[in-house]
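See structure below.
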Amino acid sequence: MLRSCAARLRTLGAPPARRPGLVWRLFSSEKVIHKDYGLPNPSWSKDLRLLFDQFMKKCEDGSWKRLPSYRQNPQIFKDFQTRFVDPRFAKEEQMSKAQQFTRSFEEGLGFEYVMFYNKAEKRMVCLFQSGLHLQGVPGYVHGGAIATIIDVTTGTCAIAEGIAMTANLNIDYKKPIPLCSVVVINCQITKTEGRKLFVSCAVQSVDEKTLHTEATALFIKLDPDKRLT
Ligand SMILES: CCCCC/C=C\C/C=C\CCCCCCCC(=O)SCCNC(=O)CCNC(=O)[C@H](O)C(C)(C)COP(=O)(O)OP(=O)(O)OC[C@H]1O[C@@H](n2cnc3c(N)ncnc32)[C@H](O)[C@@H]1OP(=O)(O)O
């Protein structure tokens with residue numbers, strides 16, 4: 001498994017394939033191309049590509065939607081920044097350089113993933129391939145990296161309902177995740193109580209035979225009249 005990961009990484013010197021990105025126009029003549037990281041790249045294994053294709057098929061009837069994914073703060077957070085980020089701690093110039101943690105690694109070395117959302121079922125599926133720089137004990141993914149991708153998947157599921165932050169995250173690590181393997185992270189909103197969103201999550205192997213991790217999370221929708229700090 002490790003060897004096949006290394007072999008894939010050797011191909012990364014090749015020029016990146018052209019892939020669609022989001023174009024944000026700042027001024028009429030100025031364009032910034034934002035690369036969509038939720039699309040296949042040369043580091044993706046056969047498993048990840050096969051699952052990606054299966055889920056893209058599920059998108060054809062509109063029940064599932066692939067979520068694009070960018071390094072910079074997504075547009076949905078622009079309002080968050082204005083309302084909740086204290087300019088004393090985060091200067092505008094710094095904020096323009098801020099990156100989503102999970103997208104800040106070199107291609108193939110960190111978190112390679114794509115998420116699919118089913119609005120009717122309030123369900124999010126993340127297809128996740130861990131890179132060599134996410135190692136914890138030798139040959140396995142670090143527990144903090146697993147917590148991170150669970151937080152991001154459950155968080156994105158919650159944020160689909162409105163801007164929210166993690167208040168609580170409980171994780172049961174049942175079986176270690178081999179480094180460079182692909183796992184399927186399945187989560188769903190199970191209950192909503194006022195501003196509280198309860199999300200359950202399971203991390204399974206591609207063949208669904210191994211349950212690696214289970215988690216529950218509580219997200220709180222932010223009150224626009226309350227400061228965070
Ligand atoms: C398909 C479309 C998708 C669109 C998605 C698009 C883009 C997504 C792109 C990127 C997604 C990135 C996802 C990132 C996810 C990562 C999330 C994080 O990591 S957040 C960082 C970690 N969290 C924090 O730092 C939060 C710190 N805590 C707080 O700031 C506050 O506690 C709070 C969570 C904001 C809540 O504070 P608030 O004052 O608003 O609430 P209250 O305290 O009044 O509580 C309300 C209610 O909740 C109960 N509560 C609060 N905390 C807990 C807890 N820990 N456990 C249990 N219950 C809790 C509290 O008792 C109140 O209950 P009640 O009303 O019944 O009294």
Side-chain angles (χ1 to χ4, degrees), residues 1 4-5 8-9 11-12 16-23 33-77 99-134 141 145-160 177-189 199 201-208 210 212-213 215 217:
M1 184 61 80
S4 71
C5 186
R8 282 199 302 281
L9 287 168
T11 66
L12 295 180
R18 285 179 68 85
R19 50 183 93 82
L22 178 73
V23 179
I33 311 284
H34 288 269
K35 184 175 136 183
D36 182 354
Y37 285 85
L39 289 169
N41 70 52
S43 79
W44 282 26
S45 64
K46 198 173 156 207
D47 278 349
L48 187 52
R49 282 162 192 275
L50 278 172
L51 278 169
F52 176 83
D53 290 344
Q54 281 171 20
F55 269 87
M56 287 306 282
K57 281 238 149 43
K58 289 187 187 202
C59 292
E60 283 169 8
D61 67 3
S63 56
W64 287 86
K65 193 178 166 227
R66 182 189 73 85
L67 299 187
S69 177
Y70 305 103
R71 260 196 181 152
Q72 303 313 131
N73 288 337
Q75 198 63 26
I76 195 168
F77 284 141
Q99 294 191 2
Q100 295 297 307
F101 174 35
T102 47
R103 292 305 188 194
S104 61
F105 289 77
E106 257 179 64
E107 195 168 273
L109 292 177
F111 299 85
E112 289 295 338
Y113 63 95
V114 54
M115 284 190 210
F116 292 88
Y117 182 59
N118 184 314
K119 192 176 162 87
E121 295 176 12
K122 297 183 184 224
R123 196 168 144 206
M124 191 74 70
V125 169
C126 173
L127 312 176
F128 167 52
Q129 175 184 298
S130 50
L132 288 171
H133 287 191
L134 299 186
V141 183
I146 298 169
T148 297
I149 196 69
I150 288 175
D151 192 25
V152 170
T153 308
T154 52
T156 307
C157 192
I159 287 169
I177 300 178
L179 204 56
C180 299
S181 68
V182 174
V183 290
V184 179
I185 304 170
N186 221 304
C187 67
Q188 190 163 30
I189 296 186
V199 189
C201 179
V203 183
Q204 286 177 292
S205 56
V206 172
D207 63 8
E208 296 182 357
T210 308
H212 290 287
T213 321

For this session: Taking the side chain as every heavy atom from C-beta outward, state whether Val114 and Phe55 have any pair of such atoms under 4.5 Å apart.
Result: no
Problem set entry | Shortest non-hydrogen contact from Arg49 toward Trp44 | NE-O, 3.1 Å
Can you give each donor-acceptor pair under 3.5 Å made by side-chain atoms of residues 147-160, sequence neighbours left out, with the distance rounded to 0.1 Å?
unit_1, atom_1, unit_2, atom_2, d
Thr148, OG1, Gly144, O, 2.8
Asp151, OD1, Thr166, OG1, 2.8
Thr153, OG1, Ile149, O, 2.7
Thr154, OG1, Ile150, O, 2.7
Thr154, OG1, Asp151, O, 3.3
Thr156, OG1, Val152, O, 2.6

For this session: Starting at NZ of Lys122, measure out to SG of Cys187 and round the result to the nearest 0.5 Å.
Result: 13.0 Å
Problem set entry | Side-chain (Ser130) to main-chain (Cys180) donor-acceptor, under 3.5 angstrom | yes
For this session: Over all heavy atoms of both residues, which pair between Phe105 and Arg71 is shortest? Give the atoms and the distance, please.
Result: O-NH2, 3.1 Å
Exercise. Any sub-3.5 Å donor-acceptor pair from Glu107's side-chain atoms to Ser43's backbone N or O?
Worked result: no
For this session: Apply the test side chain to side chain contact (heavy atoms under 4.5 Å, CB included) to residues Lys58 and Asn118: give CA-CA distance (whole Å), side-chain angles for both, the deciding distance (0.1 Å), then the verdict.
Result: CA-CA 10 Å; Lys58 289 187 187 202; Asn118 184 314; over 6 Å; no
For this session: Mind checking the NE2-CD1 spacing from His212 to Ile146? Nearest 0.5 Å is all I need.
Result: 8.5 Å
Exercise. Are Leu127 and Phe116 close enough, and set up right, to give a side chain to side chain contact (heavy atoms under 4.5 Å, CB included), and what steps lead you there?
Worked result: CA-CA 8 Å; Leu127 312 176; Phe116 292 88; 3.8 Å; yes
Exercise. Are the side chain of Arg103 and the backbone N or O of Tyr70 linked by a donor-acceptor pair below 3.5 Å?
Worked result: no
Exercise. Does Thr213 reach the main-chain N or O of Val203 with its side chain, forming a donor-acceptor pair under 3.5 Å?
Worked result: no
Seminar exercise, completed: Distance col, row Ser181:OG vs Phe128:CZ, nearest 0.5 angstrom, shows 8.0 Å
Exercise. Without hydrogens or angle criteria, can the side chains of Glu112 and Asn41 be said to hold a donor-acceptor pair below 3.5 Å?
Worked result: yes
Please list, one pair per line, the donor and acceptor atoms closer than 3.5 Å that link side chains of residues 59-66 to other protein atoms, with sequence neighbours excluded.
unit_1, atom_1, unit_2, atom_2, d
Asp61, OD1, Ser63, N, 2.9
Asp61, OD1, Ser63, OG, 2.6
Arg66, NH1, Asp36, OD2, 3.2
Arg66, NH1, Gly38, O, 2.8
Arg66, NH2, Asp36, OD2, 2.7

Exercise. Under a 4.5 Å cut-off applied to non-hydrogen side-chain atoms, are Leu39 and Phe52 in contact?
Worked result: yes
For this session: Please state whether the rings of Phe111 and Tyr113 are parallel, tilted or perpendicular, taking 30° and 60° as the class boundaries.
Result: perpendicular
Exercise. Which heavy atom in Leu179 sits nearest to a heavy atom in Leu134, and how many Å separate them?
Worked result: CD1-C, 3.9 Å
Exercise. Can you tell me how far CD1 of Ile185 sits from CE of Met115, rounded to the nearest 0.5 angstrom?
Worked result: 7.5 Å
For this session: Sequence neighbours left out, what passes salt bridge (Lys or Arg N to Asp or Glu O under 4.0 Å) with Glu106? Give chain and number order.
Result: none
